[in-house]
Engineer: 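Just passing along the structure, written as structure tokens.
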Amino acid sequence: MGLLSLAIWMPIAFGVVLLALGRDEQAGVVRWLALIGALASFLITLPLYANFRLDTAAMQFVEHRVWFDRFNVNYHLGVDGISLWFVLLTAFINVIVVIAGWEVITRRVNQYMGAFLILSGLMIGVFTALDGMLFYVFFEATLIPMYLIIGIWGGPKKIYAAFKFFLYTLLGSLLMLVALIYLYVKSGGSFDIATWQALPLSGSAQSLLFFAFLAAFAVKVPMWPVHTWLPDVHVEAPTGGSAVLAAIMLKLGAYGFLRFSLPVTPDASREWAWLMIALSVVAVIYVGLVAMVQRDMKKLVAYSSVAHMGFVTLGFFIFNDLGVSGALVQMIGHGFVSAAMFLCIGVLYDRVHSREIASYGGVVNTMPRFTAFAMLFAMANAGLPGTAGFVGEWMVILAAVKANFWLGLAAATSLILGAAYTLWMFKRVYFGDVANEDVRALKDIDAREFLTLALLAVAVLWMGLYPKPITDVMNVSVAELLRHVAMSKLQ
């Protein structure tokens, strides 16, 4: 079994074992077994980076086995400079989520930990699948454990939020399935994604395929105006669910644009780039303004995620090296920062059981160590230079200015808006005098919480101060993708 198969199936195997441990009396064993599984799965991904070749855009660590011979469906895996870091990010965030839920989850611990481990393996499957049907299976399978995480351990409206999440993402994906079947027939019976990327297609066929993929990926990102499911889901999801949703699951849709929309339908992508850029700018500006009026901390960060992901789609459809690379860096940086923001909210919620900004005030007086971490992550969310939140946004803004000055100026407003809503929330929650008895009774973070936030703090600062390892990995693959997109495939 290759490294990629181990990265996929080891967490899934640990998750299945945890599901078999069905009593909460075994919670201690379950937690340690989940941590061992998450750490082992993360360690398996490290040789992928250590042995990755930077001088080629070809897929590496390729695995290929026949799955369904009759329909030419294959178990085909591989990573390139575009997908490698998402595999590592997924495995890393899984470790963080297991540690973060160590004491917080007290009922059905085995199911909670098992669901996250299984979800981690399925998401890595999405990032490594080179067969269209295998991609679709992994892409849709991720809905199941997340649906259960929201529906079982969520808030008062968890069932409503779980159904909304499931229906929005499933309905969008049905059109993608039609597109995959069309490509299968057009290619003479192949689900190989590389074969699809070489297919000559008419302009009308490309446009129809482009919008079919858009229906699936735009909902997943989510792009404006199909973003309305995200705030409700974040509010009701448990802290770990919100962290994984923002850090990884939103990236599945954006990743789909790079694997399908741009290379399979390059002419349609260029033709409809104006629409994608317009929707992205609306997300950056309008959704940022919406975030400023939120009273719920989770909703504010959820809308912030939509605005930050607007940079990703903007960078993709500018069609230059700096834009696409910046969008990829933004995805990785947002993965660290958004997970940290939601975990900080979770720390407060576990103590006060409120997400309302008005319920807090003066937290720095009772939780100084925690406030130091929270300030770092808030600054990163606002795009402070030297943090992971700055690098990708700055690259995309530079790319936008290179393409059109006014487009770059519109994109740059997000830095102002991001600082406004993030610092407004931080001031209200953390600074000033102690606002009430709940805040006065707060205890600072313990060793487990400190470890969780410290790991994310190191990641945020490391990426902000030294992003070169990340950009070096993706450079050749991004250049090859843009070369492919520049070539017309019209019949």
Engineer: Are F342 and H234, when compared by the centres of their aromatic rings, separated by less than 6.0 Å?
Structural biologist: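 They qualify: ring centres under 6.0 Å apart.
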Engineer: Are any side-chain N or O atoms of D444 and backbone N or O atoms of R369, one a donor and one an acceptor, separated by less than 3.5 Å?
Structural biologist: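 At least one qualifying donor-acceptor pair exists.
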Engineer: Should the ring pair F138 and W9 be called parallel, tilted or perpendicular, given that the plane angle runs from 0 to 90° and is split at 30 and 60?
Structural biologist: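 The arrangement is tilted - the two ring planes meet at 30° to 60°.
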Engineer: Kindly compute the distance separating CD1 (I248) from CE (M123), expressed to the nearest 0.5 Å.
Structural biologist: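 Spacing of CD1 (I248) from CE (M123) equals 5.5 Å.
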Engineer: Can you establish whether the number of heavy atoms outside D446 located under 6.0 Å from its atom CG is more than 12?
Structural biologist: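 Yes, because the 6.0 Å sphere around CG of D446 holds more than 12 heavy atoms from other groups.
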Engineer: Rounded to the nearest 0.5 Å, how far apart are CH2 of W196 and CG of D131?
Structural biologist: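 Answer for the CH2-CG pair, W196 versus D131, is 7.0 Å.
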Engineer: R65 side chain to Y75 main-chain N or O, any donor-acceptor pair under 3.5 Å?
Structural biologist: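 No.
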Engineer: Tell me whether K298 contacts the main-chain N or O of A237 through its side chain, where contact means a donor paired with an acceptor under 3.5 Å.
Structural biologist: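 Between the backbone of A237 and the side chain of K298 there is a qualifying donor-acceptor contact (under 3.5 Å).
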Engineer: Using the ring of each side chain (for Trp, its six-membered ring), is Y255 parallel, tilted or perpendicular to F127, with breaks at 30° and 60°?
Structural biologist: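 Aromatic pair Y255/F127 classed perpendicular.
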Engineer: Can you tell me how far the CG atom of N381 sits from the CZ atom of F426, to the nearest 0.5 Å?
Structural biologist: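 If we round to the nearest 0.5 Å, N381:CG and F426:CZ are 12.0 Å apart.
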Engineer: Among Y136, F213, F316, which residue satisfies the ring pair (Phe, Tyr, Trp, His ring centres under 6.0 Å) criterion with F260?
Structural biologist: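 Of Y136, F213, F316, ring pair (Phe, Tyr, Trp, His ring centres under 6.0 Å) with F260 is met by F213 alone.
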Engineer: Looking at L134, V62, D80, I8, which hits side-chain contact (heavy atoms from CB on, under 4.5 Å) with T128?
Structural biologist: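 Only match with T128 under side-chain contact (heavy atoms from CB on, under 4.5 Å): I8.
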Engineer: Check step by step if side-chain hydrogen bond (donor to acceptor under 3.5 Å, both in side chains) holds for Y349 and T239.
Structural biologist: CA-CA 9 Å; Y349 182 80; T239 300; over 6 Å; no
Engineer: With rounding to the nearest 0.5 angstrom, report the CG to CD1 distance, L77 to I124.
Structural biologist: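 Nearest 0.5 Å value for the CG-CD1 distance: 11.0 Å.
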Engineer: Which class fits the ring pair W102 and W32: parallel under 30°, tilted 30 to 60°, perpendicular over 60°?
Structural biologist: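 W102 and W32: perpendicular rings.
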Engineer: As an exercise, state the distance from CE of M249 to OG of S242, rounded to the nearest 0.5 Å.
Structural biologist: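 The OG atom of S242 is 12.0 Å from CE of M249, to the nearest 0.5 Å.
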Engineer: Where does the angle between the aromatic ring planes of H334 and H308 fall among parallel (under 30°), tilted (30 to 60°) and perpendicular (over 60°)?
Structural biologist: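 Tilted.
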Engineer: Do F450 and F373 have ring centroids that are under 6.0 Å from one another?
Structural biologist: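 Ring centroids of F373 and F450 are less than 6.0 Å from each other.
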Engineer: Please verify the inter-ring angle class for F139 with F217; under 30° counts as parallel, over 60° as perpendicular, anything in between as tilted.
Structural biologist: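 Because their plane-to-plane angle is over 60°, the rings of F139 and F217 count as perpendicular.
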